[in-house]
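One structure is given here, and the rest of the page talks about it.
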Amino acid sequence: MSRRRIGLLARLAKALELEPASIDEPAERGRILPEAPKEPGAELVVIVLLLLASCCAAGFIAVFADSRIPHATQFLGLSLGLAFGFLAAALVVIARCLVVTEELTHDYPPEEHQEAERELEQLFDESRERFTRRRLLVATSALTGTAMGAALLAPVVSFGPVFDLSAFVETPWFRGRRLVGDDGAPLKASAIQEADFYTAYPEGADREQLAAPLVLVRLPGSAIHLPSGRSGWAPGGILAYSKICTHAACAISLYRTPTFPAVEPGPALVCPCHYSTFDPATGGTVLFGPAGRPLPQLPLEVDSDGVLRATGNFSGPVGPSWWGIRSRKPT
Amino acid sequence: MIRASVRWLDRRTGTGPLVRSGLRYVFPDNWSFLLGEVALYAFMVLVVTGIYLVFFFQDSTATTTYHGAYGPLDGQQVSLAYQSVLDISFSVRAGLLIRQTHHWAADVFLAAIVLHLLRVFFTGAFRPPRTLTYYLGLTMLTFSLLEGYLGYSLGDDLLSGIGLAIGYGVALSVPFVGANLASLIWGGPFPGTSAFWPRIYIIHVLVLPVLIGTLLVAHLALVAARHHTQFRESSRHTERRIIGVPAFPGQAPRSLALMFAVFAVLFLLGGLVQVNPVWLWGPYHVGLSTNGAQPDWYLGWLIGALRLVPGFDVVIDRRTVIPNPFWGGVLFPGIVFGLLFLWPTLERRFTRDRASHNLLQRPRENPWRTAIGTALLAWVFLVFMAGSADRVDVLFGLDYAEQISVYRIAIWVIPLIVLLVTRRICTELQAADRVASVRRSALHSPKAGPKRGS
């Protein structure tokens with residue numbers, strides 16, 4: 001190291017007051033830590049472990065730098081993980097062999113500070129001596145606190161339409177609206193086969209709203225027992241239900257169809273989140289699971305082109321229920 | 001050099017005496033006291049990996065057509081959020097490592113907190129003078145559950161969308177204000193307005209981390225102010241004096257070793273064990289869902305509860321009053337956390353023990369607490385297991401519906417049995433301890449002692 005740099009360092013040390021000035025040596029004090037024998041072997045182990053950690057860290061950089069290496073994520077994780085692992089191992093050796101682990105005892109802090117407590121009490125007591133109408137003041141303060149708290153919280157209402165819940169019951173379905181498939185093409189009645197199920201959307205509407213997606217199945221006419229007032233809702237045995245579970249808004253994406261109808265339970269629409277199971281043959285009634293309401297059914301017709309159209313709105317509210325929502329009167 | 005540094009520090013900050021006593025702060029030595037430390041180190045990994053991810057993530061649900069590095073999704077309509085998560089996983093160098101390490105760290109963080117809570121509960125460490133520390137810890141746990149849920153929701157993959165849909169169903173189910181609440185959170189009906197994603201994003205990366213970090217500092221400050229509890233390992237361990245290893249030099253390398261070991265495990269997991277492969281789930285759309293969907297482990301108890309409740313809504317005059325998700329999604333966690341928060345008060349009232357305790361109890365020394373605690377744990381665990389009944393159906397062929405009907409009875413009966421059996425075990429162990437101590441004192445008393453040196 002050059003003279004010049006030493007001078008610089010010395011000046012820096014002086015500026016930071018790092019330079020050991022002449023200090024008055026205090027009287028000789030006893031040891032703080034107990035003495036223990038030296039462990040050169042353990043030191044060697046620590047050095048080796050630290051070097052291994054350095055190698056792993058360098059390996060991480062190498063893998064990171066070379067984009068041609070396959071399985072980079074695995075090698076990156078391995079190298080970084082092992083680097084930390086070797087570091088941990090080195091510290092374990094230091095803790096076990098190189099650092100004096102003496103047992104120390106210490107008093108627990110006192111449970112309470114009686115003098116300070118009394119003084120605080122006195123301070124607060126004396127500080128309110130000049131207030132005479134205390135109850136009234138406390139009551140007004142509470143009122144002010146509530147009013148100001150409410151005022152400061154009021155802007156939260158901007159987060160959403162808190163009181164106007166009309167959007168929650170809107171659906172894109174109305175009489176005459178055509179059903180389209182996943183690809184956007186109008187869905188023909190002839191495309192709906194038994195023992196399979198289909199997802200449909202309202203033509204030209206936003207698909208990302210709860211009331212948009214439908215699930216369609218076709219059952220033999222003899223198997224269908226819809227509630228009264230729904231005659232003609234299932235042309236050719238094609239039934240359309242909201243695809244959104246009435247329990248917790250998941251999409252119903254499982255259709256259970258019996259392979260041997262004689263011994264197996266009938267067809268059912270199943271939500272994969274909490275396994276609410278609905279019966280498409282009886283108007284979406286709940287067969288099993290936590291849903292508390294049937295699946296809303298959409299009345300269908302087949303137009304002159306053979307395309308499926310809605311003939312009205314759902315039989316009930318779509319998606320999960322909430323306090324005060326009204327199910328439609330059975331007509 | 002040492003002298004110079006010490007002088008510099010003391011003269012600049014005046015903290016010489018503080019550092020002196022701080023370095024000689026006493027840590028009682030027991031493996032179970034390290035669980036909270038593991039949570040702390042996992043939190044550090046979460047913060048650092050999270051900051052890295054922030055630089056690449058986009059908090060927008062605006063849609064785009066995907067043409068990224070992952071071929072199978074080419075041409076799909078995806079949100080910018082989902083696209084950025086795919087890019088982090090496939091295009092950002094070391095991005096997948098950091099993302100998976102972040103996810104694993106969250107799972108380990110919550111596991112460490114829960115184990116720490118069990119240790120604190122069953123040893124009575126929550127008793128005065130550490131009640132406030134306990135409440136702060138519980139509050140951190142609730143925030144952390146929400147933080148984890150928001151974290152895996154942000155990816156806007158199919159699983160995240162399903163999770164948010166369920167959250168929406170649960171929010172709607174809150175009595176009186178459900179729809180208003182959901183409207184506030186989502187800005188309207190599900191899936192919400194474009195403002196929703198920035199909202200959960202800022203809550204996930206700023207609001208909750210700052211809250212958790214602040215509570216963490218307060219929690220640690222209270223631990224230090226009251227000093228750590230200790231077990232009665234010998235007659236020298238008393239309520240008055242704490243025995244252990246000083247922070248420096250004894251404890252420092254141990255704690256650092258544990259910290260680096262946690263880092264090592266998390267990065268090894270992040271690199272070698274796949275977690276939440278969002279590219280396999282695909283993007284979320286309202287009309288889509290997948291079979292076999294399971295949340296991260298720490299929300300398993302809630303999905304179990306939602307699945308176990310029989311199908312009914314409380315309806316009066318065709319108006320829904322209490323929708324079904326309320327029972328499993330609001331009431332059940334409410335009861336569990338309510339009991340945990342109330343426990344110190346309940347125990348003080350029933351045992352009339354209002355004294356301060358620095359000595360921990362072994363679980364057997366307080367049979368009622370241990371019995372009620374294990375019963376509560378069994379209750380939550382059975383509900384958690386019920387959440388995996390669909391996987392058990394697929395893997396072992398046990399009928400799902402039959403499993404659920406068994407669980408619906410078991411969650412009430414088994415905790416009761418656990419309660420009685422645990423209490424009995426505790427009292428028996430205590431009796432055995434008494435016999436052992438009588439025998440010991442008899443052996444060591446000079447009159448009745450056996451002949452020595454035979």
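Below, chains carry the letters A, B, ... as their sequence lines are ordered, and counting in each starts from 1. All values derive from a computational prediction rather than experimental measurement.
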Scanning both residues in full, the closest heavy-atom pair of A/A88 with B/A257 reads CB-O, 3.4 Å
Within residues 164-171 of chain A, the residues sitting under 4.5 Å from chain B by heavy atom, in sequence order, are A/L165, A/A167, A/F168
The reported gap from CD1 in B/I166 to SG in A/C250 (rounded to nearest 0.5 angstrom) is 4.0 Å
Whatever's closer than 4.5 Å to a heavy atom in chain A on B/F312 counts as backbone
The interface call for B/T290 against chain A, heavy-atom contacts under 4.5 Å, is backbone
Checking heavy-atom separations under 4.5 Å from chain B, one finds in residues 67-74 of chain A A/S67, A/T73, A/Q74
The interface call for A/L104 against chain B, heavy-atom contacts under 4.5 Å, is both
Using modelled atom types only, decide if a donor and an acceptor are shared between the side chain of B/N180 and the backbone of A/V162 within a distance under 3.5 Å.
yes
B/H285 vs A/R207 side-chain heavy atoms within contact, under 4.5 Å: no
Bottom line for A/F60: the part with an atom under 4.5 Å from chain B's heavy atoms is side chain
A/I325 backbone acceptor or donor facing B/R319 side chain under 3.5 Å: no
Worksheet item: Do B/V321 and A/W323 touch side chain to side chain, with heavy atoms closer than 4.5 Å?
Response: yes
query: Please walk me through it: do A/W322 and B/T320 pass side chain to side chain contact (heavy atoms under 4.5 Å, CB included)?
result: CA-CA 6 Å; A/W322 62 87; B/T320 305; over 6 Å; no
So, the part of A/A200 with a heavy atom under 4.5 Å from chain B: the answer is neither
Cut-off 4.5 Å, heavy atoms of chain A, and the answer for B/A94 is both
Does B/F248, at its CZ atom, have more than 12 non-hydrogen atoms belonging to other residues, nucleotides or ligands within less than 6.0 Å? no
| task | Take A/Y275 and B/D390 through the test side chain to side chain contact (heavy atoms under 4.5 Å, CB included) and record every step on the way to the result. | result | CA-CA 9 Å; A/Y275 297 98; B/D390 56 335; 2.8 Å; yes
Q. Would you say the side-chain atoms of B/R199 pair up with the backbone N or O of A/F159, donor to acceptor, closer than 3.5 Å?
A. yes
- Task: Would you mind reporting whether A/P290 and B/L306 have side-chain heavy atoms less than 4.5 Å apart?
- Result: no
Polar side-chain atom of B/R307 near backbone of A/C273 as donor-acceptor pair, under 3.5 Å: yes
Q.
With a 3.5 Å distance limit and no angle check, can you tell me whether B/S183 reaches the backbone of A/P161 through a side-chain donor-acceptor pair?
A. yes
Sorted by chain and residue number, the ring-ring contact (aromatic ring centres under 6.0 Å, His included) partners of A/F75 (sequence neighbours excluded) come out as none
Honestly, the part of B/T238 sitting under 4.5 Å from a heavy atom of chain A is backbone
Among B/A252, B/G187, B/A179, the residue with the most heavy-atom pairs under 4.5 Å to chain A is B/A179
Counting heavy-atom pairs under 4.5 Å with chain A, the top scorer among B/G188, B/G169, B/P249, B/G178 is B/P249
Closest non-hydrogen contact found for B/S289 with A/P272 is OG-CG, 3.3 Å
Margin query: Working note: B/L268 + A/L78, criterion side chain to side chain contact (heavy atoms under 4.5 Å, CB included); need CA distance, chi angles, decisive distance, verdict.
Written below: CA-CA 6 Å; B/L268 286 173; A/L78 199 62; 3.9 Å; yes
To the nearest 0.5 Å, atom CG of A/L87 lies from atom CG of B/L256 at 8.5 Å
Heavy-atom closest pair (B/D313 atom, A/S321 atom, distance to 0.1 Å) is OD2-OG, 3.3 Å
Find out whether B/R24 and A/I32 are in side-chain contact, i.e. whether some heavy atom of one side chain is under 4.5 Å from a heavy atom of the other. yes
So, the part of B/R240 with a heavy atom under 4.5 Å from chain A: the answer is backbone
If one checks every heavy atom of B/A225 against chain A at 4.5 Å, the contacting part turns out to be backbone
The interface call for A/L33 against chain B, heavy-atom contacts under 4.5 Å, is side chain
Just wondering, do A/T105 and B/I242 contact through their side chains at under 4.5 Å, heavy atoms? no
When the 4.5 angstrom heavy-atom criterion is applied to B/Q230 and chain A, the contacting part is both
Residue from B/G244, B/G250, B/A182, B/P129 scoring the most non-hydrogen pairs under 4.5 Å with chain A is B/G244
So, the part of B/E239 with a heavy atom under 4.5 Å from chain A: the answer is backbone
In short, side chain to side chain donor-acceptor pair (under 3.5 Å) pairs touching residues 254-272 of chain B with sequence neighbours left out are B/D29-B/R254, B/E37-B/S255, B/Q251-B/S255
With chain B, the option among A/P109, A/S276, A/G85, A/P320 that has the most non-hydrogen atom pairs under 4.5 Å is A/P109
Heaviest contributor of heavy-atom pairs below 4.5 Å to chain B, chosen from A/H106, A/K243, A/E103, is A/H106
Pair count under 4.5 Å, heavy atoms only, with chain B: among A/E112, A/H274, A/Q209, highest is A/H274
- Any side-chain heavy atom of A/V156 sitting closer than 4.5 Å to one from B/L184? yes
Under 4.5 Å between any side-chain heavy atoms of B/I404 and A/F288, yes or no? yes
Is the number of heavy atoms from other residues, nucleotides or ligands within 6.0 Å of CZ (B/R20) greater than 12? no
Interface check, chain B: of A/L254, A/I94, A/D107, A/L76, most non-hydrogen pairs under 4.5 Å belong to A/D107
Query - Side chain to side chain, A/F84 and B/M259, heavy atoms closer than 4.5 Å - result: no
Q. So, the side chain of B/N324 versus the backbone of A/H247: is there a donor-acceptor pair under 3.5 Å, distance only?
A. no
When the 4.5 angstrom heavy-atom criterion is applied to A/P213 and chain B, the contacting part is side chain
The test is side chain to side chain contact (heavy atoms under 4.5 Å, CB included); show your working for B/F267 and A/L82 and say whether it passes. CA-CA 9 Å; B/F267 278 106; A/L82 285 179; over 6 Å; no
Between A/Y108 (side chain) and B/H228 (backbone), is there a donor-acceptor pair under 3.5 Å? yes
Assert top hit (heavy-atom pairs under 4.5 Å, partner chain A, pool B/G329, B/P325, B/P310, B/G192) equals B/P325
In terms of heavy-atom pairs under 4.5 Å with chain A, the winner among B/A401, B/P28, B/G270, B/S173 is B/A401
Using a 6.0 Å cut-off, check whether atom CZ of B/R391 has over 12 heavy atoms from anything other than its own residue.
yes
- Item | Salt bridge flag under 4.0 Å for residues A/E111 and B/R226 | no
